[in-house]
Amino acid sequence: MISRPYDEIKHLLESYLKKEFSIKSDLIWSKPPSAGLGDISFPLFNIAKELKIRPNELGDKIISEINFPDSIKEVNLQGGFLNLAFNKSVFVTKVLQTILEQTKYGQNSSMNSERIIVEHTSSNPTGPLHIGNFRGSVLGDVLGRLFSFLGAAVNVRYYVNDLGRQIAPLVIGYFLLKEMEFEIIEKGDLLLGKVYASMFTFLEIQQLKQKLAILGWKSKDSVSLYSLDGTDLKTIQDFLNVLPRENKEKDNTYQWYTKLARVQKSLIERIPEVYEKLNKLTTSRIENLENLTNQYVKSYQEGKDKLIVERFREVTKMALDGHVETLNLFKIYHDDFDWESDVAWSGEVQIMLDELEDKKYLRHDGQARLLRNDTIAEELGYKAKYLVSYEIPDSIIINSEGITLYPCRDIVYHLHKLEKFNASLCYNVIAKMQQLPQLAVRLALYGLGSADTADRIHHFDYEYVSLIGRKMAGREFDYVTPDELFVLAQEEIKTIIEERNYSEEEQQKIAQKIAASSIKYHILKMDPQKAVAFDIKKAVDPNENSGAFLQYSYARALSILSKSSKQDIDVQKILELSKDEKLILEKQAEWELVKLMEELPSILIKAAKSLRPDSVANFTYSLAAAFHKFYDACPVLKAENPELIKSRILIVVSTIKCLESLFEVMGIESLEKM
RNA sequence: GGUCCCGUAGCUCAGCUGGAUAGAGCGUUUGCCUCCUAAGCAAAUGGUCGUGCGUUCGAAUCGCAUCGGGAUCGCCA
């Protein structure tokens, strides 16, 4: 439990009011709008109302009857607000001593009893991470770091989605290239992204052509099944144009066709080497990509064909390695990786389905099976517990061909997820899009008699990220990756460092650390609930972006200390004597900075409680800004007198400690100079 | 149509378990390096907090309605 000057004064007033009037209303405190009104303020309206007296009357009574401690310098009453001004010297001395005596300021044990799993990223292994899923990585990382800083045992997991249908064409395509000894000159996951976009397009073109054939379109034998060549484009267009208007298929098919034509064109332009090579290989070597895809999926789901298993694992591992490499650039780490295929091969999916079936929680539609979400929620008290008053739609979990869909594995996975870490809580950091499937998983657990487990699993959702003016599309190889942002940011930063006198090596190191923090901060600072239109230029611009601003405040603070010895100022000695020292303050900038530092522990606790990792970033910004103002307004080493030098040195050291704690929580690296 | 999320300055966003005069950055305009790193600081500019009604002594914050944007709603994940 942290005791704050604000709380102490509140307790004082509260106990007086309880003793004297036995009030029931809560005493609330707030900060006055301007510094002239004091530092802490108590609106007396609700209590005055309870006591049926005027607020100012109550205020007068409080002022005349309470003996305020020496931490309070001034008390006044204004328009129903009781305003108190702290004795700055007492306040500052206490705050700085608290900061200095702790190893890590703000660290505490408020979450000591929790064991928490944070699952994040869990991106499809069909290409590199893009800024959309990377947003989840950043949020998950900081959430985990925050819990951990507050004493929780944290376990960060990555769920590897290696079983989806979408992987099969990728595996097929990758091995076509591999057999041709295609030279890989880029990061593995990036190449896979290209292969995936290409193969998926081929597959879709094949499906489109089959659909058109059913409608009556006649293709030429000579052309590839997997591409739309000039003749195709013409005959398909003509064909669709003469289809009767009322034919409802026409619209959809036409849209599909134009989309594929556009995607094909764009891929030929942007990734010609991979696209054309694969097109040739696929055309010549694969008779029916769709059939082969289905075979691959089925075979891998069964897990018995050794060659297929090896191939899927190799490709998935390659993508995963790329993801890990990207995450490591930003100091984001996972403790464990859970493979969807392992869940599938455990045999538990069938057991789970049988149980749901027995309990009549599955709805049949042909071979397809749907989870009766609403029925479960109604019967097992979920709706009552979480105050759900609307009808929850059913979720399809087995398709009409009898193939189990991803939610099946997810249900089994979550059935045992907590056990993996003996966890008391689990946060799945997953895009908001998934909120229905995530709800379905929890409802399935209710249906399976594991309501207690379900109640401990939370969906930490975040909104998607788009690019300004367009959407990202993995299937079209159209996205922005953290990798490329990292490179762009480094370049921008280097143009600034070049003016300074650093070695090549130092420059590189500095640019990397700033690039990582800038991008991370840029993504972190935004409310997870807000959809983001990502602006590459802003994310990468060191002047616009504040990641550098934060690190700069730290570097400046450190620089003061490193210069102190030249002025015959012994920082170590000042620190040793700080316990008995009464500090003095002169400027508003000092006061604002110390007040912010005082808030740090409660900010962290609030951020964890309200699940707002972004608030840590925004608070750090305020603190850094306050330090920059202090830096400008208050010379430290050249302060007017030794007492002031001492006080300011302690402020600087305290700021450093604050920033170190905050950087640790955000996973941002500090720099001694920049 | 059902459900969820968002709407605050020209732009990007803080502030939301109700508190007094709504804050930053970018942009535009102007100052500050003989002084601890100018990736900084100071100042000016800029807002009927989408709209309406309600609750309240008090609403950007809570409730209802409404408009606008986005996501999602059985066979991809």
Side-chain angles (χ1 to χ4, degrees), chain A residues 28-34 37 41-43 45-46 48-49 55 78-81 83 122-124 126 161 163-167 340 363 365-371 388 390-401 403 405-407 410 431-437 461 463-464 466 475 493 496-497 499-500 514 518 522 525-533 535 538 541-549 551-553 555-564 566-567 589 610 614-615 617-619 621-622 625 627-639 648 652 673-674:
Chain A
I28 46 171
W29 67 268
S30 65
K31 289 184 206 166
S34 77
L37 289 168
S41 162
F42 296 89
F45 306 99
N46 56 340
K49 193 177 174 189
Q78 224 163 78
F81 289 87
N83 296 323
S122 304
S123 164
N124 283 331
T126 49
N161 306 297
L163 257 196
R165 280 186 64 77
Q166 76 279 13
I167 322 264
E340 187 183 359
R363 179 156 69 81
D365 185 358
Q367 276 206 76
R369 298 286 178 273
L370 291 97
L371 188 65
V388 176
Y390 56 90
E391 189 182 330
I392 304 170
D394 294 348
S395 315
I396 184 138
I397 60 173
I398 295 180
N399 73 13
S400 49
E401 280 157 35
I403 295 173
L405 267 19
Y406 131 99
D410 222 17
K432 182 168 233 85
M433 267 171 46
Q434 296 268 7
Q435 66 183 356
L436 231 53
D461 59 347
E463 271 286 5
Y464 70 99
S466 62
R475 290 175 182 181
I493 292 155
I496 296 176
I497 320 183
E499 295 161 16
R500 308 202 168 166
I514 298 175
S518 294
H522 186 78
K525 70 174 177 182
M526 278 173 298
D527 182 342
Q529 291 302 324
K530 279 187 181 166
V532 173
D535 186 333
K538 281 187 181 169
D541 181 352
N543 293 317
E544 163 103 17
N545 194 287
S546 309
F549 182 89
Q551 284 167 313
Y552 189 42
S553 65
R556 279 179 135 184
L558 229 60
S559 162
I560 293 175
L561 296 189
S562 69
K563 295 245 160 94
S564 61
K566 284 183 193 161
Q567 312 272 333
S610 58
D614 55 311
S615 67
N618 287 309
F619 174 76
Y621 179 84
S622 315
F627 181 75
H628 283 303
K629 290 183 173 114
F630 162 82
Y631 183 92
D632 232 64
C634 311
V636 177
L637 303 177
K638 292 183 177 162
R648 287 183 181 167
V652 172
K673 54 185 180 179
M674 58 188 273

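In what follows, every heavy atom counts, from backbone to side chain, and hydrogens, waters and symmetry copies are set aside. The chains referred to below are lettered A, B, ... by the order of the sequence lines, with proteins before strands, and numbering in each begins at 1. Just so it is clear, the model here is predicted, and its values are computed rather than measured.
- The main-chain N or O of A:Phe549 is found under 3.5 Å from a side-chain atom of A:His628 such that the two form a donor-acceptor pair.
- Residues satisfying the ring pair (Phe, Tyr, Trp, His ring centres under 6.0 Å) criterion with A:Tyr631, sequence neighbours excluded, are absent altogether.
- Distances were taken from every side-chain heavy atom of A:Tyr464 (C-beta onward) to each of B:C41, B:U72, B:A71; the shortest belongs to B:A71.
- Rounded to whole Å, the separation between the P atoms of B:G18 and B:C73 comes to 36 Å.
- Residues A:Ser400 and A:Asp365 form no side-chain contact, since every pair of their non-hydrogen atoms from C-beta on lies 4.5 Å or further apart.
- In this entry the distance linking NZ of A:Lys563 with C1' of B:C35 reads 12 Å, nearest Å.
- Rounded to whole Å, atom P of B:G40 lies 13 Å from atom CD of A:Gln551.
- Legend: residues meeting side-chain hydrogen bond (donor to acceptor under 3.5 Å, both in side chains) with A:Lys49, ordered by chain and number and at least two apart, are absent.
- For B:U55 and B:U45, the P atoms lie 38 Å apart once the distance is rounded to whole Å.
- Judged by distance alone with a 3.5 Å cut-off, no donor-acceptor contact links the side chain of A:Arg556 to the base of B:A38.
- With sequence neighbours excluded, no residue forms a salt bridge (charged side-chain N to carboxylate O under 4.0 Å, His left out) with A:Asp541.
- For the residue pair A:Gln529 and A:Asp461, a side-chain donor N or O sits within less than 3.5 Å of a side-chain acceptor on the partner.
- Base engagement by A:Gln434 is indicated by at least one non-hydrogen atom pair under 4.0 Å involving a base atom.
- A donor-acceptor pair under 3.5 Å is absent between the side-chain atoms of A:Asp614 and the main chain of A:Pro528, judged by distance alone.
- With its glycosidic angle within 90° of 0, B:G74 is assigned syn.
- Across the interface with RNA chain B, nearest-nucleotide mapping of A:Cys634 and A:Ile493 shows A:Cys634 to be the residue nearer the 5′ end.
- A gap of 49 Å separates the C1' atoms of B:U3 and B:A43, to the nearest Å.
- Atom name C1', nucleotides B:G47 and B:C57: the rounded distance is 26 Å, in whole Å.
- Residues satisfying the salt bridge (charged side-chain N to carboxylate O under 4.0 Å, His left out) criterion with A:Lys530, sequence neighbours excluded, are absent altogether.
- The residue A:Ile397 sits apart from the nucleic acid: no heavy atom pair falls under 4.0 Å.
- Residues forming a ring pair (Phe, Tyr, Trp, His ring centres under 6.0 Å) with A:Phe630 (at least two apart in sequence, or on another chain): A:Phe627.
- Within 4.0 Å of A:Ile514, counting heavy atoms only, lies at least one base atom of the nucleic acid.
- The residue A:Arg475 sits close to a base: some heavy atom pair falls under 4.0 Å.
- The salt bridge (charged side-chain N to carboxylate O under 4.0 Å, His left out) search around A:Lys638 returns none, not counting sequence neighbours.
- Atom CD1 of A:Ile496 is separated from atom C1' of B:G40 by 12 Å (rounded to the nearest Å).
- Taking atom CG on A:Leu163 and atom P on B:C76, their separation rounds to 15 Å, with Å as the unit.
- For the pair A:Ala548 and A:Met674, the tightest heavy-atom approach, listed with the atom from each and the gap, is O-CE, 3.6 Å.
- Contacts of A:Tyr631 with the nucleic acid, taken as non-hydrogen atoms under 4.0 Å apart, include base atoms.
- Across all strands shown, A:Leu405 has heavy atoms under 4.0 Å from sugar-phosphate atoms exclusively, and none from any base.
- Within the 4.0 angstrom heavy-atom criterion, base atoms lie near A:Ile497.
- Nearest approach of A:Pro43 to A:Asn46, heavy atoms of both residues: O-OD1, 3.9 Å.
- Among the atoms of the strands shown, base atoms are found under 4.0 Å from some heavy atom of A:Arg363.
- The phosphate of B:A77 (OP1 or OP2) has no side-chain N or O of A:Tyr406 nearer than 4.0 angstrom.
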task: Could you encode protein contacts along nucleotides 42-50 of chain B as a string, one character per nucleotide from 5' to 3', using B for base contact, S for sugar-phosphate-only contact and - for no contact, with a heavy-atom cut-off of under 4.0 Å?
output: S--------

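- What separates NE2 of A:His628 from C1' of B:G40 is a distance of 6 Å, to the nearest Å.
- If you measure from atom CZ of A:Arg165 to atom C1' of B:A77, you get 12 Å, rounded to the nearest angstrom.
- With sequence neighbours left out, the ring pair (Phe, Tyr, Trp, His ring centres under 6.0 Å) criterion links A:Phe45 to A:Phe81.
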query: A:Glu340 and A:Tyr406: side-chain contact (heavy atoms from CB on, under 4.5 Å), yes or no, with the steps?
result: CA-CA 9 Å; A:Glu340 187 183 359; A:Tyr406 131 99; 3.9 Å; yes

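- Taking the salt bridge (charged side-chain N to carboxylate O under 4.0 Å, His left out) definition, one finds that A:Arg363 meets it with A:Asp394, sequence neighbours left out.
- Between the C1' atoms of B:U34 and B:U21, the separation comes to 42 Å (whole Å).
- The local environment of CD in A:Glu391 is sparse, with at most 12 non-hydrogen atoms from other residues, nucleotides or ligands closer than 6.0 Å.
- Residue-level contact check: A:Ala431 touches neither bases nor backbone, having no heavy atom under 4.0 Å from any strand.
- The same atom, C1', is picked in B:C33 and in B:G40; the two are 10 Å apart, to the nearest Å.
- In this structure, A:Leu371 atom CG and B:C73 atom P are separated by 15 Å, rounded to whole Å.
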message: What does the 5'-to-3' dot-bracket notation of RNA chain B look like when only Watson-Crick and G-U wobble pairs under 3.5 Å count, and pairs to other strands show as |?
response: (((((((..((((.....[...))))((((((.......))))))....(((((..]....))))))))))))....

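- On the C1' atoms, B:C64 is 23 Å away from B:G19, given to the nearest whole Å.
- Nearer to the 5' terminus of RNA chain B, by closest-nucleotide assignment, is the contact made by A:Lys49 (compared with the other of A:Gly164 and A:Lys49).
- Between the CD atom of A:Glu401 and the C1' atom of B:G74 there is a distance of 14 Å, given to the nearest Å.
- A:Leu436 is not listed as a side-chain neighbour of A:Ser395, based on a closest heavy-atom distance of 4.5 Å or more.
- Using a 4.0 Å heavy-atom cutoff across all strands shown, A:Ser400 reaches at least one base atom of the nucleic acid.
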query: Can you give one letter per nucleotide of nucleotides 4-23 of chain B, 5' to 3': B if a protein heavy atom sits under 4.0 Å from the base, S if only from the sugar-phosphate, - if neither?
result: SSSSB--SSSSS---BB---

When you compare the protein's N or O atoms with those of nucleotides 58-63 of chain B, which come within less than 3.5 Å of each other, and at what distance?
none

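- Nucleic acid contact class of A:Asp394 (heavy atoms, under 4.0 Å, all strands): none.
- Using C1' as the reference atom, B:U28 and B:A22 are 22 Å apart when rounded to the nearest Å.
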